[in-house]
Engineer: 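Attaching a single structure in structure tokens format; questions to follow.
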Amino acid sequence: MRKVISGLAILLLLVSCSGRKSLSPLDYLKYMENTENGLMKIVTVGSYEYRIQFAPPEYLADRQFCKEMEQGMMEGYKKRMQEMKGHIFFLINIYPRNTSQQSINERITENAGATQRVMYYQQQAAGDIVLKAGTYEQVPATYVYEDNYGLSPYNTIVVGFTGDYGKEDLQLIFNDRYTHTPLIKAGFSKDELSVLPEISVKTN
């Protein structure tokens, strides 16, 4: 016998029930971006800080459609999830050291190198990034560089790989030849990845 449950809200689970905590779209983003949860790593080397965010499709789709999802509108989220199916992603936000802490020569070099920076990150950096999953190593399947041209304090690399997550320890390795920073590493354990929260959305 089919039962119809009526009420002011219905909880729609976007991933299979597994005993993991369920969070609203906004709280999910906060959880993912909290360094205490192990899904965003900060690596500081020399004059630069690299903030490396583990970004499954749920995270990227939630970031794009969070406002709509909070209002129960799921069309955009579902379409974006379908487009990213079979991939995992990482965001690499590159922060230069605070300009107030830079020497005059460092500032001149940074400004003069803007064109070279964009050329390297747009055309070459993808070849300097690999993902290790257990003993297996793979190169990026997708890659985008977002240069903020001084409008925000950082520039962003979005790099994607084919495959699943939660079954192996993952390690992202970036040999940044523009900043001369080799072997930037961010590790994500399968234990951290296996307990990712679910996203829940209330619909009227």
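What you see below is based on every heavy atom in this structure, not just the backbone, and it leaves out hydrogens, waters and symmetry mates.
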Engineer: Donor-acceptor pair, distance only, cut-off 3.5 Å: does the side chain of K167 make one with the backbone of D164?
Structural biologist: no

Engineer: Go through the steps to decide whether L196 and Y59 satisfy the test side chain to side chain contact (heavy atoms under 4.5 Å, CB included), and finish with yes or no.
Structural biologist: CA-CA 11 Å; L196 291 181; Y59 171 78; over 6 Å; no

Engineer: Between atom OG1 of T35 and atom CD1 of I42, what is the distance when rounded to the nearest 0.5 Å?
Structural biologist: 5.5 Å

Engineer: Please, which pairs that meet salt bridge (charged side-chain N to carboxylate O under 4.0 Å, His left out) have at least one residue in residues 124-139, sequence neighbours excluded?
Structural biologist: D128-R177

Engineer: Establish whether F188 and Y31 are linked, either directly or via other cluster members, by ILVMFWY side-chain heavy-atom contacts under 4.5 Å.
Structural biologist: yes

Engineer: To the closest 0.5 Å, what do you measure between OH (Y121) and CD (Q116)?
Structural biologist: 12.5 Å

Engineer: Ignoring hydrogens and angles, tell me if any N or O in the side chain of Q138 forms a donor-acceptor pair with the backbone of T162 under 3.5 Å.
Structural biologist: yes

Engineer: Rounded to the nearest 0.5 Å, what's the gap from CG on L60 to CE on M84? Could you check?
Structural biologist: 5.0 Å

Engineer: Give the C-alpha distance, both sets of side-chain angles, the deciding distance and a yes or no for side chain to side chain contact (heavy atoms under 4.5 Å, CB included) between R63 and L29.
Structural biologist: CA-CA 7 Å; R63 274 188 52 165; L29 294 180; 3.6 Å; yes

Engineer: Are any non-hydrogen side-chain atoms of V201 and M74 less than 4.5 angstrom apart?
Structural biologist: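 Touching, per the 4.5 Å side-chain cut-off.
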
Engineer: Have a look at R80 and tell me which of E58, E75, Q64 forms a side chain to side chain donor-acceptor pair (under 3.5 Å) with it.
Structural biologist: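 Only one of E58, E75, Q64 forms a side chain to side chain donor-acceptor pair (under 3.5 Å) with R80, namely Q64.
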
Engineer: CG/N34 to CG/L39 distance, rounded to the nearest 0.5 angstrom?
Structural biologist: 9.0 Å

Engineer: Is there a continuous path of hydrophobic side-chain contacts, each under 4.5 Å between heavy atoms, that joins Y165 to V159?
Structural biologist: yes

Engineer: So do the side chains of K30 and D27 get within less than 4.5 Å of each other, counting heavy atoms only?
Structural biologist: yes

Engineer: With rounding to the nearest 0.5 angstrom, report the CD to SG distance, Q71 to C66.
Structural biologist: 10.0 Å

Engineer: Do D191 and S194 meet the criterion of a side-chain donor-acceptor pair at a distance under 3.5 Å?
Structural biologist: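 Short answer, no.
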
Engineer: Other than Y154, what residues sit in its cluster of Ile, Leu, Val, Met, Phe, Trp and Tyr side chains whose heavy atoms are under 4.5 Å apart, directly or through others?
Structural biologist: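 Members besides Y154, by chain and number: Y95.
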
Engineer: Could you pull out the closest heavy-atom pair between S200 and P25, with the gap in Å?
Structural biologist: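 The answer is O-CD, 3.3 Å.
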
Engineer: Which pair of heavy atoms, one from D147 and one from R117, lies closest together, and at what distance?
Structural biologist: OD2-NH2, 3.0 Å

Engineer: Quick check against the 3.5 Å criterion: does Q82 have a side-chain atom that pairs as donor or acceptor with the backbone of Y77?
Structural biologist: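 Checked: no pair found.
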
Engineer: Over all heavy atoms of both residues, which pair between L91 and A55 is shortest? Give the atoms and the distance, please.
Structural biologist: CG-CB, 4.3 Å

Engineer: Just say parallel, tilted or perpendicular for the rings of F54 and F90, cut-offs at 30° and 60°.
Structural biologist: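 Taking F90 first and then F54, their aromatic rings stand perpendicular (interplane angle over 60°).
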
Engineer: Would a single hydrophobic cluster contain both V45 and I92, if residues Ile, Leu, Val, Met, Phe, Trp and Tyr are joined by side-chain heavy-atom contacts under 4.5 Å?
Structural biologist: yes

Engineer: With sequence neighbours excluded, what pairs up with T179 under the side-chain hydrogen bond (donor to acceptor under 3.5 Å, both in side chains) test?
Structural biologist: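 Result, side-chain hydrogen bond (donor to acceptor under 3.5 Å, both in side chains) vs T179: Y50, D176, T181.
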
Engineer: I'd like to check L172 versus I129 (side-chain heavy atoms, cut-off strictly below 4.5 Å). Are they in contact?
Structural biologist: yes

Engineer: Does E146 reach the main-chain N or O of N155 with its side chain, forming a donor-acceptor pair under 3.5 Å?
Structural biologist: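 No; zero donor-acceptor contacts below 3.5 Å.
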
Engineer: Work out which heavy atom in A186 is nearest to a heavy atom in I52; give both atom names and the distance.
Structural biologist: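 Of all heavy-atom pairs spanning A186 and I52, the closest is CB-CD1, 3.7 Å.
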
Engineer: Is a side-chain donor or acceptor of E70 paired with a backbone partner of L26 at a separation under 3.5 angstrom?
Structural biologist: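 Pair found, side chain donor or acceptor close to backbone of L26.
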
Engineer: Which of parallel (below 30°), tilted (30 to 60°) and perpendicular (above 60°) describes Y178 and Y120?
Structural biologist: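 Aromatic pair Y178/Y120 classed parallel.
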
Engineer: To the nearest 0.5 Å, what is the distance between OG1 (T156) and CD1 (I94)?
Structural biologist: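 The distance works out to 8.0 Å.
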
Engineer: Quick check: do L170 and L131 have side-chain heavy atoms less than 4.5 Å from each other?
Structural biologist: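 When only atoms from C-beta onward are counted, L131 and L170 do touch, with a gap below 4.5 Å.
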
Engineer: Y28, M81: one ILVMFWY side-chain cluster at the under-4.5 Å cut-off?
Structural biologist: yes

Engineer: Should K41 and E192 be marked as a salt bridge (charged side-chain N to carboxylate O under 4.0 Å, His left out) after you check the CA-CA gap, both sets of side-chain angles, and the distance that decides it?
Structural biologist: CA-CA 12 Å; K41 312 288 187 179; E192 292 169 336; 3.6 Å; yes

Engineer: For Q123, look at atom CD and say whether over 12 heavy atoms of other residues, nucleotides or ligands are found less than 6.0 Å away.
Structural biologist: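 Counting other residues, nucleotides and ligands, CD of Q123 exceeds 12 neighbours.
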
Engineer: Between the main-chain N or O of K190 and the side-chain N or O of D169, is there a donor-acceptor pair closer than 3.5 Å?
Structural biologist: yes

Engineer: Could you please spell out the steps behind the side chain to side chain contact (heavy atoms under 4.5 Å, CB included) verdict for E198 and K21?
Structural biologist: CA-CA 6 Å; E198 300 170 345; K21 66 173 69 174; over 6 Å; no

Engineer: So V158 and Y145, do their side chains get closer than 4.5 Å, heavy atoms only?
Structural biologist: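 No; the side chains remain at least 4.5 Å from each other.
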
Engineer: I want to check something: taking the side chain as every heavy atom from C-beta on, are E33 and R51 in contact at a cut-off of under 4.5 Å?
Structural biologist: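 Contact flag for E33/R51 side chains = no.
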
Engineer: Decide whether M40 and I199 are clustered together by the hydrophobic rule: side chain heavy atoms of Ile, Leu, Val, Met, Phe, Trp, Tyr closer than 4.5 Å, transitively.
Structural biologist: no

Engineer: Identify the two heavy atoms, one from Y48 and one from P96, that lie closest to each other, and give their separation to 0.1 Å.
Structural biologist: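 That would be CD2-CA, 3.7 Å.
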
Engineer: Search all heavy atoms of G160 against all heavy atoms of F89 and return the closest pair with its distance.
Structural biologist: CA-CD2, 3.5 Å

